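What follows is a set of notes on a single structure, which appears directly below.
Note that the structure is predicted; figures quoted are calculated from it, not measured. Within every chain, numbering begins at 1; the chains are lettered A, B, ... in the order of the sequence lines, protein sequences first and strands thereafter.
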There are 2 protein chains.
Amino acid sequence: MVCWPTGRLLSTAARLVEHAWVEALDPLGLTHAGMVALHLLGSGPLSQTELAHAARVQTQTMSRTLERLEREGYVVRTRDKHDARRHSVVRTDAGAAVWQKSRTLEADLFPELENADALRDALLTIISASSARRW
Amino acid sequence: MVCWPTGRLLSTAARLVEHAWVEALDPLGLTHAGMVALHLLGSGPLSQTELAHAARVQTQTMSRTLERLEREGYVVRTRDKHDARRHSVVRTDAGAAVWQKSRTLEADLFPELENADALRDALLTIISASSARRW
DNA sequence: GTCAACTAATCAGCTAGCTGATCAATAGGA
DNA sequence: TCCTATTGATCAGCTAGCTGATTAGTTGAC
């Protein structure tokens with residue numbers, strides 16, 4: 001596996017880490033995608049398009065994620081007064097609470113790394129390089 | 001985004017890179033998952049369980065990937081003589097050819113990085129740490 | 001030899017990505 | 001004003017992961 005291409009290592013590592021997340025979040029009735037949305041809503045209401053953009057995801061994907069969050073009571077969607085096309089998405093108190101709980105998991109889940117800074121650097125470079133066209 | 005947790009950066013980077021792969025592989029009638037399988041079959045026939053294990057994936061997932069590869073003619077599955085439960089999966093000539101074509105894409109797709117070695121190191125550490133229990 | 005336990009593969013059903021198409025509401029130009 | 005283009009959200013349908021359950025074939029103990 002040492003000779004696998006870097007892109008494949010990246011996918012594999014991400015999948016395994018996300019698997020750990022799923023297990024940890026399940027008892028909270030939350031998914032990783034939902035957690036991202038709750039995080040982004042921390043600084044105030046957003047439209048679905050804004051949320052999708054911030055999460056680097058398609059609006060269709062965000063739509064479903066929010067549908068689930070709303071079903072769980074972690075989020076409320078209301079029509080915008082000034083633009084009836086837009087949904088104003090607000091994090092509920094329950095949503096804020098569950099997000100706080102989930103925050104503490106991060107440190108426990110992610111393995112300790114010597115070169116964590118180099119990793120973050122590289123990931124940010126990759127993200128900005130490959131998202132240049134879409135976002 | 002600079003203050004996102006590392007796990008989220010990892011997922012996002014992987015998703016964006018994989019998106020580039022999908023676009024590049026589509027004309028070949030190949031997916032990223034299929035490419036992994038074709039790669040692993042390069043050194044000879046394997047059973048589906050062995051393939052799944054090597055790709056760090058569930059056997060159910062590999063089953064579907066191979067179904068698609070077989071449909072495209074890149075792979076042939078035959079019942080094992082000695083153990084009729086097993087499928088012996090063989091890469092066809094077409095499969096070998098398409099894999100060769102796809103190999104050259106990797107260099108073009110993946111962004112140049114200064115600290116590529118540190119990245120690979122970190123990813124391998126993450127993979128071995130979080131796959132310890134499953135593989 | 002028979003029955004139980006295990007193993008390889010698949011089926012059913014879920015979430016998360018994606019594309020392409022659709023619908024309703026808004027904005028803007030003739 | 002009206003008609004078109006744009007925009008926000010959703011629907012339909014695809015692949016790739018996953019879990020849990022099922023089926024068929026092997027193995028092993030009695």
Item to complete: Return the value, rounded to whole Å, for the distance between atom CH2 of A:Trp21 and atom C1' of D:dT19.
Response: 21 Å
Practice prompt. For A:Arg56 and B:Thr12, test the side chains for any donor-to-acceptor distance below 3.5 angstrom and give the result as yes or no.
Written response: no
Item to complete: Please state whether the rings of B:His32 and B:Trp21 are parallel, tilted or perpendicular, taking 30° and 60° as the class boundaries.
Response: tilted
Worksheet item: If you find the nucleotide of DNA chain D closest to B:Glu18 and the one closest to A:Ser47, which residue's nucleotide is nearer the 5' end?
Response: A:Ser47
Discussion item. Quick check on DNA chain D: between B:Gln60 and B:Thr65, whose nearest nucleotide comes earlier from the 5' end?
Written reply: B:Thr65
Discussion item. Taking the minimum atom-to-atom distance to the side chain of A:Ser63, which one of D:dG17, D:dT10, C:dT19 wins?
Written reply: D:dT10
Fill in: DNA chain D-proximal residues of residues 79-88 of chain A, any heavy atom under 4.0 Å
A:Arg85, A:Arg86, A:His87
Worksheet item: Quick one: does B:Gln48's side chain have a donor or acceptor within less than 3.5 Å of a partner on B:Thr59's backbone?
Response: no
Worksheet item: Base, sugar-phosphate, or nothing for A:Thr49, non-hydrogen atoms under 4.0 angstrom?
Response: sugar-phosphate
Fill in: B:Val57 side-chain proximity, nearest of D:dC18, C:dA9, D:dA9
D:dC18
Item to complete: Return the value, rounded to whole Å, for the distance between atom CZ of A:Arg8 and atom P of D:dG17.
Response: 11 Å
Worksheet item: Got a salt bridge between B:Arg86 and B:Glu50, using NZ or NE/NH1/NH2 to carboxylate O under 4.0 Å?
Response: yes
Worksheet entry | B:Arg8 and A:His39: CA distance, side-chain angles, deciding distance, side-chain hydrogen bond (donor to acceptor under 3.5 Å, both in side chains) verdict | CA-CA 11 Å; B:Arg8 195 179 308 168; A:His39 180 187; 2.7 Å; yes
Worksheet item: Do A:Glu50 and D:dG8 share a donor-acceptor pair, side chain to base, under 3.5 Å?
Response: no
Worksheet item: Between atom CD in A:Glu67 and atom P in D:dT10, what is the gap in whole Å?
Response: 8 Å
Worksheet item: On a plain distance test, is the side chain of B:Gln58 in donor-acceptor contact with the base of D:dG20 below 3.5 Å?
Response: no
Worksheet item: Just how far is it from atom CZ of A:Arg120 to atom CG of B:Leu119, taken to the nearest 0.5 Å?
Response: 13.5 Å
Worksheet item: Of A:Ala33 and B:Val89, whose closest DNA chain C nucleotide lies nearer the 5' terminus?
Response: B:Val89
Worksheet item: Is the distance from OP1 or OP2 of D:dC18 to the nearest side-chain N or O of B:Thr61 less than 4.0 Å?
Response: yes
Practice prompt. Round to a whole Å and report the spacing from CG of A:Leu66 to P of D:dA9.
Written response: 9 Å
Detail all sub-3.5 Å separations between protein N/O atoms and N/O atoms belonging to nucleotides 2-5 of chain D.
none

Worksheet, complete the sentence: OG1 (B:Thr31) and CD (B:Glu18) are apart, to the nearest 0.5 Å, by 9.0 Å
Practice prompt. Return the value, rounded to whole Å, for the distance between atom NE2 of A:His53 and atom P of D:dA9.
Written response: 14 Å
Discussion item. At less than 3.5 Å, do the side-chain atoms of A:Arg64 and the base atoms of C:dG17 form a donor-acceptor pair?
Written reply: yes
Discussion item. Under 4.0 Å, heavy atoms only, any strand: does B:Gln48 hit a base, just the sugar-phosphate, or nothing?
Written reply: sugar-phosphate
Worksheet item: Which part of the nucleic acid, if any, lies within reach of B:Thr31 when heavy atoms closer than 4.0 Å are counted: base, sugar-phosphate only, or nothing?
Response: sugar-phosphate
Discussion item. Can you tell me if A:Arg77 touches the phosphate of D:dT10, counting only side-chain N or O atoms and a distance under 4.0 Å to OP1 or OP2?
Written reply: yes
Practice prompt. Look at the side chain of B:Thr104 and the backbone N and O of B:Gln100, then say whether any donor-acceptor pair between them is shorter than 3.5 Å.
Written response: no
Fill in: Any donor-acceptor N/O pair, A:Thr125 side chain to A:Asp121 backbone, under 3.5 Å
yes
Fill in: Closest non-hydrogen atom pair, B:Leu28 against B:Tyr74
O-OH, 2.9 Å
Practice prompt. Would you indicate what A:His19 reaches in the nucleic acid, counting non-hydrogen atoms under 4.0 angstrom: base, sugar-phosphate, or nothing?
Written response: sugar-phosphate
